[in-house]
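Below is one structure; the comments refer to it alone.
Just so you know, residue 1 is the first one in the sequence shown, and it goes up from there. It should be emphasised that the depicted structure is a prediction, and the values quoted were computed from it without experimental measurement.
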Amino acid sequence: MAARKLIVVFGATGGQGGSVVRALLQDASFQVRAVTRNPQKPAGEELSRLGAQVVKADLSQKGEIEAALQGAYGCFFVTNFLEHFSKDVEVQQVEEYLRDNGVPFTSVRMPAYFENFLTFFKPHSEASGGAYRLNIPVGDVPMDGMSVADLGPIVVSVLKAPKDYLGKTIGLSSDRLTIQQYSEVMSKVLGKPFRDGKMSAEVYAKLGFPGAEEFADMFRFYMMKPDRDIVLTRRLNPAVRSFEQWLSENKEAFADL
């Protein structure tokens with residue numbers, strides 16, 4: 001029996017990293033080293049219980065990164081835009097380093113998380129007691145989305161076919177809907193009225209919370225229709241869920257609306 005290949009997952013206790021760790025642990029081809037800043041937190045302890053080797057490292061510390069990568073066949077890096085609110089820092093952390101040092105890699109680009117409808121995209125109730133508003137400022141441009149929980153099997157597929165994907169950028173999406181269409185799906189599944197709040201990116205940028213301007217820029221980027229491939233996403237993970245499927249499975253999370 002061939003030795004299992006060691007995959008190092010950075011940001012292992014986050015949404016993307018956690019999804020990748022769990023998918024890798026379900027595949028007999030790999031062993032997993034899960035990297036986090038604090039292995040003693042419950043999320044780190046849970047990954048250890050599932051079978052991952054959990055180690056401490058900080059992406060800003062070169063020595064810790066090198067130690068975590070010892071003996072690895074491959075790795076999964078996820079950068080944290082919310083920590084820096086800077087796309088320049090986010091890219092510099094990983095892609096520029098790999099490219100400048102001749103390290104082969106595949107860049108996997110996530111669309112908007114469906115999970116954001118529970119946080120940043122959470123609907124707002126109208127003062128009149130009418131419909132809930134989705135204040136997502138992308139106009140009438142369809143916005144790609146996917147559950148972050150569905151990322152893991154995609155990364156496993158990429159790791160098992162490196163010749164097909166090394167050097168490529170993969171734009172992921174499991175659904176592409178306008179905000180009005182997202183609203184209609186939420187109305188159907190949750191049994192409450194939802195509508196597009198028709199907020200502009202300029203108004204969103206002035207909402208005053210930390211990162212509002214940067215989030216507005218993110219929405220402007222979505223309006224540019226970045227390359228996202230639904231067909232490829234479904235080929236890499238045949239079980240990937242549409243927004244309606246994800247929402248139906250997570251109805252209880254919206255019970256407080």
Side-chain angles (χ1 to χ4, degrees), residues 14-16 18-19 81-82 109-154 171-257:
Q16 291 192 38
S19 175
F81 167 79
L82 292 178
R109 303 286 172 84
M110 282 291 290
Y113 298 176
F114 293 155
E115 287 79 3
N116 285 344
F117 283 88
L118 292 165
T119 55
F120 303 113
F121 301 171
K122 190 170 183 177
H124 296 267
S125 59
E126 296 183 333
S128 63
Y132 289 87
R133 289 177 289 107
L134 289 178
N135 291 330
I136 302 174
V138 295
D140 295 323
V141 176
M143 182 179 75
D144 287 286
M146 192 180 97
S147 170
V148 69
D150 290 335
L151 171 65
I154 292 171
L172 301 177
S173 175
S174 70
D175 223 338
R176 182 175 298 129
L177 303 173
T178 65
I179 303 308
Q180 183 57 37
Q181 289 171 325
Y182 279 110
S183 300
E184 290 168 1
V185 172
M186 295 185 78
S187 298
K188 174 184 174 182
V189 173
L190 300 180
K192 299 177 181 180
F194 293 83
R195 69 175 182 85
D196 181 355
K198 299 293 185 182
M199 180 175 286
S200 68
E202 290 71 27
V203 171
Y204 193 98
K206 297 175 182 178
L207 291 179
F209 64 86
E213 292 184 7
E214 289 77 11
F215 273 108
D217 286 340
M218 177 187 73
F219 290 124
R220 292 185 180 104
F221 175 69
Y222 289 163
M223 293 177 72
M224 295 170 64
K225 300 181 180 180
D227 187 19
R228 300 288 185 260
D229 192 330
I230 293 177
V231 173
L232 176 59
T233 300
R234 294 193 178 279
R235 185 162 73 241
L236 292 169
N237 179 6
V240 72
R241 292 163 293 175
S242 68
F243 180 62
E244 184 169 346
Q245 289 171 323
W246 175 84
L247 188 62
S248 297
E249 293 176 12
N250 290 274
K251 287 174 63 173
E252 296 305 314
F254 292 86
D256 62 341
L257 288 179

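You'll find the side chain of R195 reaches within 4.5 Å of the side chain of E126, heavy atoms only. Side chains of E244 and E184 form no contact here, defined as non-hydrogen atoms less than 4.5 Å apart. When side chains are defined from C-beta on, P153 does not count as touching L236, because their heavy atoms never get closer than 4.5 Å. Annotation: side chain of R133 is not in contact with side chain of K198 (no heavy-atom distance under 4.5 Å). With contacts defined as side-chain heavy-atom distances shorter than 4.5 Å, the pair F114/Q245 does not qualify. Contact annotation: the side chain of S242 approaches that of R234 to within less than 4.5 Å [non-hydrogen atoms, C-beta and beyond]. In this structure, the side chains of W246 and E115 come closer than 4.5 Å at one or more pairs of heavy atoms. Between R109 and P226, every side-chain heavy-atom pair lies at or beyond the 4.5 Å cut-off.
Taking the six-membered ring for Trp and the full ring otherwise, Y182 and F243 have centroids separated by under 6.0 Å.
Panel note: side chain R228, backbone R176; no donor-acceptor pair is recorded below 3.5 Å. Without hydrogens or angle criteria, S187 side chain to P193 main chain gives no donor-acceptor distance under 3.5 Å.
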Item to complete: Please report the C-alpha distance between R220 and E202 in whole Å, then the side-chain angles of each, then the deciding distance to 0.1 Å, and finally whether the side-chain contact (heavy atoms from CB on, under 4.5 Å) criterion is met.
Response: CA-CA 10 Å; R220 292 185 180 104; E202 290 71 27; 3.7 Å; yes

Worksheet item: Is there a side-chain contact (heavy atoms from CB on, under 4.5 Å) between V138 and I179 once you walk through the steps?
Response: CA-CA 8 Å; V138 295; I179 303 308; 3.5 Å; yes

Item to complete: Under the side-chain contact (heavy atoms from CB on, under 4.5 Å) rule, what do Y132 and L190 come out as? Steps first, then yes or no, please.
Response: CA-CA 11 Å; Y132 289 87; L190 300 180; over 6 Å; no

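The minimum heavy-atom distance linking D144 with S173 is given by the pair OD1-OG, 2.6 Å. The two residues V189 and K251 have their closest heavy-atom pair at O-CE, 3.5 Å. Taking all atoms of both residues into account, the shortest heavy-atom contact from S19 to G152 is OG-N, 2.8 Å. S200 and P137 make their closest contact through C-CB, 3.4 Å (heavy atoms, listed as atom of the first residue, atom of the second, distance). H124 and N135 make their closest contact through CD2-ND2, 3.4 Å (heavy atoms, listed as atom of the first residue, atom of the second, distance). M186 and P123 make their closest contact through CE-CG, 3.8 Å (heavy atoms, listed as atom of the first residue, atom of the second, distance).
Partner F120 forms a ring pair (Phe, Tyr, Trp, His ring centres under 6.0 Å) with one of F215, F219, F209 and no other, that one being F215. Checking L172, T233, D175 one by one against P111, the side-chain contact (heavy atoms from CB on, under 4.5 Å) holds for a single residue, L172.
Here the CE-CG distance, from M199 to L134, works out to 11.0 Å after rounding to the nearest 0.5 Å. L247 contributes atom CG, which lies 11.5 Å from atom OG of S147 (distance to the nearest 0.5 angstrom). Interatomic distance, OG of S174 versus CD1 of I230, reported as 7.0 Å (0.5 Å rounding). Going from atom NZ of K122 over to atom CZ of F117 covers 13.5 Å, rounded to the nearest 0.5 Å.
The environment of D140 atom CG is sparse: at most 12 non-hydrogen atoms of other residues, nucleotides or ligands sit within 6.0 angstrom. Under a cut-off of 6.0 angstrom, the local environment of NZ in K192 is crowded, with over 12 non-hydrogen atoms contributed by other residues, nucleotides or ligands. Counting heavy-atom neighbours within 6.0 Å of E213 CD, excluding the residue itself, gives a total of 12 or less.
Partners of R241 under the salt bridge (Lys or Arg N to Asp or Glu O under 4.0 Å) rule, at least two apart in sequence or in another chain, are D150, E249.
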